[in-house]
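So the structure is just underneath, and the comments pick up after that.
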Protein chains: 2
Amino acid sequence: MTTRGARPAGRGVRGDLFDPYCPTRQLLDRIGTKWTSMAVKTLADAAPDEVRFAELRRRMPGVSQKMLSVTLRSLTRDGLVSRRVEPTVPPRVFYRLTALGLSLEVALAGLRTWAEEHMAEIDRANEVADQEIGEG
Amino acid sequence: MTTRGARPAGRGVRGDLFDPYCPTRQLLDRIGTKWTSMAVKTLADAAPDEVRFAELRRRMPGVSQKMLSVTLRSLTRDGLVSRRVEPTVPPRVFYRLTALGLSLEVALAGLRTWAEEHMAEIDRANEVADQEIGEG
DNA sequence: CGGTATCCGGCGAGATACTG
DNA sequence: CAGTATCTCGCCGGATACCG
């Protein structure tokens with residue numbers, strides 16, 4: 001994945017595809033990280049309700065506490081997720097998709113549909129390629 | 001990005017989102033790599049024409065010979081791109097999106113549209129977050 | 001021309017331990 | 001409960017050099 005550094009001011013703000021800072025590249029750098037799309041989907045399924053950190057973790061099997069924290073911090077920073085802390089002891093923290101996050105989920109749903117319909121074809125193509133190696 | 005190893009037989013073939021081998025995760029592991037989406041877009045813009053390796057490289061500023069080769073091999077293996085060699089000296093190699101690849105481009109176009117419309121909002125959200133750090 | 005082989009740095013991400 | 005800090009490993013991707 002493309003390194004996600006700060007952008008030099010005044011360059012590549014618009015959408016020519018071949019700029020490393022093109023919006024599509026930046027978006028893929030975000031949703032391409034391991035747990036991001038799963039977190040967005042899980043929060044979208046719960047919307048408009050909020051979800052607590054521990055509950056979110058329970059709904060995302062395999063995610064570690066650290067990676068969920070990192071993922072949510074990144075999403076919050078991007079304005080895709082809102083974060084609310086109840087200052088009790090111990091604290092309770094709630095997450096929810098913002099309007100922007102919900103609109104991203106719609107776009108992601110398209111990818112998901114394509115994946116569910118076509119990934120099997122990709123798997124078959126790979127098996128065919130493996131066969132051809134075996135045959136020399 | 002998720003490690004892309006071989007899949008253990010008989011597990012997670014279908015689309016429950018939380019399987020590490022879920023189709024969406026697998027798709028993102030592919031289009032998330034640095035040059036893949038750019039290659040698909042470039043080939044889609046040329047379709048239905050074929051594009052030679054050198055010409056493709058010229059249309060993808062910044063890509064190295066190695067990474068273009070690796071990207072195209074992966075896409076070919078996945079059945080998204082077809083590869084045709086003219087056995088001349090020196091050889092000429094042509095690439096073109098398959099029907100499967102074209103259908104993926106349609107799904108990717110949705111992401112691109114979202115990115116062009118909304119990445120600026122994400123950038124602003126990040127600037128706001130940076131401000132708040134400065135303010136303590 | 002269109003690759004492949006090799007070396008290497010940097011980041012993503014897991015495991016583990018500690019804190020308010 | 002909900003994090004953060006530290007260490008570690010593995011893979012992506014760039015640079016360079018060589019091959020049919």
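The basis for the numbers below is simple: all heavy atoms, side chains too, and nothing from hydrogens, waters or symmetry mates. Chain A is the first sequence line, chain B the second, and so forth, proteins listed ahead of strands; every chain is numbered from 1.
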>> If I take atom CZ from residue Arg57(A) and atom OG from residue Ser64(A), how far apart are they, to the nearest 0.5 angstrom?
In response: 6.5 Å
> At what distance, to the nearest 0.5 angstrom, does CG of Leu97(A) lie from OG1 of Thr42(A)?
Replying inline: 9.5 Å
[X] has an atom [atom1]; how far is it from atom [atom2] of [N], in whole Å?
X	N	atom1	atom2	value
Arg92(A)	dA2(D)	CZ	P	8 Å
Phe53(A)	dA2(D)	CZ	P	7 Å
Arg30(A)	dG12(C)	CZ	P	12 Å
Leu72(B)	dG3(C)	CG	P	8 Å
Leu68(B)	dG2(C)	CG	P	10 Å
Arg84(B)	dG3(C)	CZ	P	13 Å
Met60(A)	dG14(C)	CE	P	11 Å
Arg25(B)	dG12(C)	CZ	P	14 Å

Give a yes/no answer on whether the side chain of [X] brings an N or O atom under 4.0 Å of OP1 or OP2 in [N].
X	N	value
Arg52(A)	dA2(D)	yes
Thr88(A)	dC1(D)	no
Arg73(B)	dT4(C)	yes
Arg58(A)	dC1(D)	no
Arg83(A)	dG3(D)	yes

> Looking for any heavy atom pair under 4.0 Å, which part of the strands does Arg57(A) touch: base, sugar-phosphate only, or nothing?
Replying inline: nothing
> NA contact type, Tyr95(B), heavy-atom cut-off 4.0 Å: base, sugar-phosphate, or nothing?
Replying inline: sugar-phosphate
Taking C-beta and beyond as the side chain, do [X] and [Y] meet within less than 4.5 Å on heavy atoms?
X	Y	value
Ser37(A)	Arg25(B)	yes
Tyr95(B)	Glu50(B)	no
Arg73(A)	Arg77(A)	no
Leu100(A)	Ile122(B)	yes

>> What does the B/S/- profile of nucleotides 14-20 of chain D look like, 5' to 3', with a 4.0 Å heavy-atom cutoff to protein?
In response: BB----B
> What residue pairs, at least two apart or across chains, pass ring pair (Phe, Tyr, Trp, His ring centres under 6.0 Å) with a residue in residues 41-86 of chain A?
Replying inline: none
>> Would the distance check show the side chain of Arg96(B) and the main-chain N or O of Pro48(B) forming a donor-acceptor pair, the cut-off being under 3.5 Å?
In response: yes
>> At 10 degrees resolution, what angle do the end axes of the helix from dC1(C)-dG20(D) to dG20(C)-dC1(D) form when each is taken over five base pairs?
In response: 40°
> Are Val89(B) and Phe94(B) connected, step by step, through hydrophobic side chains (Ile, Leu, Val, Met, Phe, Trp, Tyr) whose heavy atoms are closer than 4.5 Å?
Replying inline: no
> Quick one: do the Thr36(A) and Thr33(A) side chains pair a donor with an acceptor below 3.5 Å?
Replying inline: yes
